[in-house]
Number of protein chains: 2
Amino acid sequence: MHENKFINIYQDLSSKIRRAILPAGQLLPSENELGDQYRASRETIRKALALLSRNGYIQKIQGKGSVVLDVSRFDFPVSGLTSFRELAEHTGEQWKTTVRQLILMKPDKKLQQLMNLEEDQNLWKVIRSRTVGGETVILDKDFLLLDTVPMLTADICEHSLYDYIENELNLKIGFAKKQITVEEANEEDRQYLTLSTVSSVVVVRSLVYLDNTQLFQFTESRHRADKFRFVDFARREHL
Amino acid sequence: MHENKFINIYQDLSSKIRRAILPAGQLLPSENELGDQYRASRETIRKALALLSRNGYIQKIQGKGSVVLDVSRFDFPVSGLTSFRELAEHTGEQWKTTVRQLILMKPDKKLQQLMNLEEDQNLWKVIRSRTVGGETVILDKDFLLLDTVPMLTADICEHSLYDYIENELNLKIGFAKKQITVEEANEEDRQYLTLSTVSSVVVVRSLVYLDNTQLFQFTESRHRADKFRFVDFARREHL
DNA sequence: TAGTGGTCTAGACCACGTG
DNA sequence: ACGTGGTCTAGACCACTAT
């Protein structure tokens, strides 16, 4: 049970939509009815509905109501800063993470510029590969500020870095800027990834910031191109 | 001037941030101050700030204020259903659109399933290529329901399909489900695109829905892999 | 302690769709 | 005419940050 009313309402409704208790195509109860049901004011209901709308659960139609959308064969969206482990758990596949390197280093020129660092600031460098069905298809290179992450072990990196950062270190991640491109596989890719005939990789580069706007991580996630898939739900902004 | 107060406030503030009148790192005036300045209630200000936050302009910090983020070298996000023409106008580059095919057709099995169609429903099929700097790097294949788009000409397709749909036909686009993958170039790609040594293409497939939840378009946008770039701003959802 | 953002409320008026 | 969602308001209380 969450402390916020509108999030509880969101979770209740979204769960009912996912389990088709509220089937696609049908109208949700009106905002006033929902207000009575959940004993909440209309604005609070509207906050919950806004979340449902943003995440593709409903479409609001003025004068009519909120239509439940078909959310059934919705592949997971990679959007929203979801970590590798959360994705793996979501799909239920058997993944394995291998830590290839874990060292403390000073940033080179490129990283200094990219992350806006002094040349003597220490960084954790973590290289991990992700294996599924005997094939290694993802290579993750992470660079984390020692100032924000004072301690790091191979065990943590193998388990879940984000779990550790959010729940152990109690840091709150705020947002990330991401960029996706396709590139030719390089030396390192050939070393770690199962490439066979595939020669290109999808590279997702992210700058990750904390709640207080401080940059603390740069990640380069390299996916074997044929195993990459990005799913998105996008609303049209009418500004 | 928009009719909605919170959108006006959003546009005013975002423009001031983009022009660095409100420089990155600085705090916005408090919500109460903004309420006085814009003669709006606090909740209205908060709606404007929520928009700024979602679009990467600010980071709100409880007990402190709203920090202006660095939005300077923010490449345009492809998110948000932006059409080719809007992107081209945004970057200011000289693009050229060529209509390769414009026909009426019945859907094949694949399209029937994908778009949930009857086999006798008529579709517009539009194939367009996009050229920049002498190289043709994007191939767009669109399928539109004749029921929703009764008339279509090569001229319209060359100019802007979305302009026509939204402003002439007065249809409102609601949302889209997108999927991005990387594939080997096929016959058609080699026919229309300038591929030289590149052999893979990034394929963006979208199902586009109207405001009233009706599906009306399927689009397959094929990009020469080395010319593709997807930029995203993602917030961490703490539910 | 004072000021900030986060949540919630009750009520008002408007715009839109349906009968 | 009625019910729907869309906007806006004024006010309350809480949680957090600063000092």
Side-chain angles (χ1 to χ4, degrees), chain A residues 1-13 26-54 57-69 170-172 174-175 210-214 235-239, chain B residues 1-13 26-54 57-69 170-172 174-175 210-214 235-239:
Chain A
M1 196 64 172
H2 198 124
E3 62 213 288
N4 289 336
K5 217 164 180 175
F6 76 94
I7 291 183
N8 283 324
I9 299 170
Y10 164 76
Q11 284 173 338
D12 189 53
L13 288 173
Q26 196 173 298
L27 284 177
L28 242 47
S30 79
E31 296 178 347
N32 286 318
E33 283 181 77
L34 288 172
D36 293 342
Q37 285 180 30
Y38 289 102
R39 251 156 268 250
S41 76
R42 197 175 149 225
E43 283 292 353
T44 300
I45 296 295
R46 284 178 60 72
K47 264 166 107 175
L49 296 189
L51 259 186
L52 290 172
S53 171
R54 261 204 321 189
Y57 286 102
I58 62 169
Q59 173 72 27
K60 310 193 84 183
I61 304 180
Q62 194 172 76
K64 219 173 157 194
S66 298
V67 184
V68 177
L69 296 181
N170 265 313
L171 298 172
K172 284 212 188 87
F175 57 92
L210 295 177
D211 229 9
N212 60 6
T213 77
Q214 197 203 325
R235 298 208 84 88
R236 182 74 161 170
E237 301 249 2
H238 291 288
L239 302 184
Chain B
M1 195 65 171
H2 202 274
E3 60 212 289
N4 288 336
K5 217 164 180 175
F6 77 93
I7 291 183
N8 283 324
I9 298 170
Y10 164 77
Q11 284 173 338
D12 189 53
L13 288 173
Q26 195 173 301
L27 284 176
L28 243 47
S30 79
E31 296 179 346
N32 285 318
E33 283 180 79
L34 288 171
D36 293 341
Q37 285 180 30
Y38 289 103
R39 250 156 271 250
S41 76
R42 197 175 146 225
E43 284 293 351
T44 300
I45 297 295
R46 283 178 60 73
K47 265 166 104 175
L49 295 189
L51 260 185
L52 290 172
S53 171
R54 264 207 324 204
Y57 286 103
I58 63 170
Q59 173 72 28
K60 311 193 83 183
I61 303 180
Q62 193 173 77
K64 223 173 153 192
S66 298
V67 185
V68 177
L69 297 181
N170 265 313
L171 298 172
K172 282 209 188 90
F175 57 91
L210 296 177
D211 229 8
N212 60 6
T213 76
Q214 198 204 324
R235 297 207 87 87
R236 181 75 162 168
E237 301 250 2
H238 291 288
L239 302 185

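Note on naming: letters A, B, ... go to the chains in the order of the sequence lines (proteins, then strands), and numbering restarts at 1 for each one.
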Handout entry: Donor-acceptor pair (no angle test) under 3.5 Å: Glu3(B) side chain, dC14(C) base
Key = no
Practice task
Of all the heavy-atom pairs spanning Phe175(A) and Leu210(A), show the shortest one and how long it is.
Solution key: CE2-O, 4.3 Å
Handout entry: Whole-Å gap separating C1' (dC2(D)) and CG (Asn32(A))
Key = 13 Å
Exercise for the section: Answer yes or no: does a side-chain N or O of Thr44(A) lie under 4.0 Å from OP1 or OP2 of dT9(C)? Expected result: yes
Practice task
Could you tell me whether the phosphate oxygens of dC8(C), OP1 or OP2, come under 4.0 Å of any side-chain nitrogen or oxygen in Ser41(A)?
Solution key: no
Fill in the blank from the handout: Value for CD (Gln59(B)) from CD (Gln214(A)), rounded to nearest 0.5 Å, stands at 12.5 Å
Fill in the blank from the handout: In whole angstroms, the gap separating P of dG6(C) from CD1 of Ile58(B) amounts to 9 Å
Exercise for the section: Counting heavy atoms from C-beta on, name the nucleotide in dG5(C), dT7(D), dG5(D) closest to the side chain of Asn4(B). Expected result: dT7(D)
Problem - Interatomic distance where CG belongs to Leu27(B) and C1' belongs to dG3(C) [whole Å] - result: 12 Å
Exercise for the section: Report the distance from atom CZ of Arg39(B) to atom C1' of dA10(D), rounded to the nearest whole Å. Expected result: 17 Å
Exercise for the section: Identify which nucleotide among dG5(C), dT7(D), dA18(D) has an atom closest to any side-chain atom of Lys64(B), counting heavy atoms from C-beta outward. Expected result: dA18(D)
Fill in the blank from the handout: Comparing nearest nucleotides in DNA chain C, the 5'-proximal residue of the pair Ile61(A), Arg42(A) is Arg42(A)
Completion exercise
So CZ of Arg46(A) and OG1 of Thr44(A): to nearest 0.5 Å the spacing works out to 11.5 Å
Fill in the blank from the handout: When rounded to the nearest 0.5 Å, the distance separating CZ of Arg42(A) from CD1 of Ile45(A) is 10.5 Å
Handout entry: Check: dC8(D) base within 3.5 Å donor-acceptor of Glu43(A) side chain
Key = yes
Handout entry: Side-chain touch Leu49(A)/Leu52(A), heavy atoms, less than 4.5 angstrom
Key = yes
Exercise for the section: Taking only the side-chain nitrogens and oxygens of Lys5(A), find out if one of them lies under 4.0 Å from OP1 or OP2 of dT9(C). Expected result: yes
Exercise for the section: Figure out the NZ/C1' separation between Lys47(B) and dG5(D), and round it to whole Å. Expected result: 11 Å
Exercise for the section: Please determine, for the side chain of Lys60(A), which listed nucleotide (dG5(C), dC8(C), dG6(D)) has the closest atom? Expected result: dG6(D)
Exercise for the section: Measure from CG on Asn212(A) to P on dG5(C) and round the result to the nearest Å. Expected result: 16 Å
Exercise for the section: To the nearest Å, give me how far apart CD (Gln62(A)) and C1' (dT7(D)) are. Expected result: 10 Å
Practice task
Look at the side-chain N and O atoms of Arg46(A) and state whether any lies under 4.0 Å from the OP1 or OP2 oxygen of dG6(D).
Solution key: yes
Exercise for the section: Find the distance Tyr38(A):OH to dA10(C):C1' and express it as a whole number of Å. Expected result: 21 Å
